[in-house]
Amino acid sequence: MPGLHELKPSQGSKSKRKRIGRGNASGNGTYAGRGLKGQKQRESVHPLFEGGQLPLIKRLPHMRGFTNLFQTRYVPINVGELNNFEPNTEVTPESLFKTRLIRKKNILVKILGTGEISNQLNVHAHAFSKIAIKKIEERGGKVVVIKQK
């Protein structure tokens with residue numbers, strides 16, 4: 001086994017750097033691989049430059065702005081949709097998933113106040129609107145807010 005001082009890269013894996021602009025004898029003289037005349041020969045052009053044409057980002061105003069990475073997104077469920085559940089049952093995100101009111105198990109649920117509720121239910125969700133809380137509690141149900149991680 002060779003010692004650390006004897007290690008070398010394998011044959012042909014390393015090649016010498018191309019020395020540009022060192023005379024015609026080097027094979028890369030005169031124009032130094034940049035072609036003849038013009039902007040690209042003299043200096044580099046940034047990749048989004050469109051030759052003086054109005055840039056794409058300015059032509060399409062809807063592409064400007066930003067996306068808030070920290071916003072919390074809820075899946076809205078209306079109070080009227082909870083009538084599918086039997087009276088005095090616990091409505092949780094898992095039970096909403098089983099009845100296909102939401103598509104994913106681990107998702108934030110917000111109960112909104114549209115529609116009328118006819119059953120007494122214990123509703124567990126991550127957020128509630130004021131009207132939804134009022135409608136659920138008028139029917140004798142309970143509202144339980146699930147803590148977010």
- prompt: Does CD in Gln53 sit with more than 12 non-hydrogen atoms of other residues, nucleotides or ligands closer than 6.0 Å?
  reply: yes

query: Is there a donor-acceptor pair under 3.5 Å between the side chain of Asn28 and the backbone N or O of Arg19?
result: no

message: Do Ile102 and Leu108 land in one hydrophobic cluster if side-chain heavy atoms of ILVMFWY residues count as linked below 4.5 Å?
response: no

- prompt: Hey, does the side chain of Arg34 reach the backbone of Arg42 with a donor-acceptor pair shorter than 3.5 angstrom?
  reply: no

message: Let me confirm one number: the OH-CD1 distance from Tyr74 to Ile111, rounded to the nearest 0.5 Å.
response: 12.0 Å

Side-chain donor or acceptor of His126 paired with backbone N/O of Val109 under 3.5 Å: yes

message: Could you measure the distance from the CD atom of Glu90 to the NZ atom of Lys142? Nearest 0.5 Å is fine.
response: 8.0 Å

query: If you round to the nearest 0.5 Å, how far is CG of Asn106 from CD of Glu94?
result: 8.0 Å

field: Pairwise distance CG(Leu121) to CG(Asn83) - rounded to 0.5 angstrom
entry: 8.0 Å

task: Check whether Val75 and Ile146 end up in the same hydrophobic cluster, where Ile, Leu, Val, Met, Phe, Trp and Tyr are linked by side-chain heavy atoms less than 4.5 Å apart.
output: no

query: Any salt bridge between Glu50 and Arg59, counting N to O under 4.0 Å?
result: yes

- prompt: Quick one: ring-ring contact (aromatic ring centres under 6.0 Å, His included) pairs with a partner in residues 34-55, sequence neighbours left out?
  reply: His46-Phe49

- request: Look up atom CZ in Arg100 and atom CZ in Arg103, then write down how far apart they are to the nearest 0.5 Å.
  value: 10.0 Å

Exam field: side chain Asn119 to backbone Phe85, donor-acceptor pair closer than 3.5 Å: yes

task: Indicate the atoms forming the closest heavy-atom contact of Arg73 with Gln71, along with that distance.
output: NE-NE2, 3.0 Å

query: Taking ILVMFWY side chains as joined if any heavy atoms are under 4.5 angstrom apart, and letting links pass through other members, which residues group with Leu4?
result: Leu7

With a 3.5 Å cut-off and sequence neighbours excluded, list the donor-acceptor pairs that the side chains of residues 131-138 form with protein atoms.
unit_1: Lys135; atom_1: NZ; unit_2: Gly113; atom_2: O; d: 2.6
unit_1: Lys135; atom_1: NZ; unit_2: Gly115; atom_2: O; d: 2.7

task: Identify the two heavy atoms, one from His124 and one from Pro93, that lie closest to each other, and give their separation to 0.1 Å.
output: O-CD, 3.5 Å

- request: State the CD1-CG distance between Ile57 and Leu48, to the nearest 0.5 angstrom.
  value: 8.5 Å

task: Compare every heavy atom of Val45 with every heavy atom of Lys40, then report the nearest pair and how far apart it is.
output: CG-CG2, 4.3 Å

message: Count I, L, V, M, F, W, Y as connected when their side-chain heavy atoms are under 4.5 Å apart, and connections chain through other members. Are Leu112 and Leu82 then in the same cluster?
response: no

- prompt: Is the CD atom of Gln11 crowded by more than 12 outside heavy atoms at less than 6.0 Å?
  reply: no

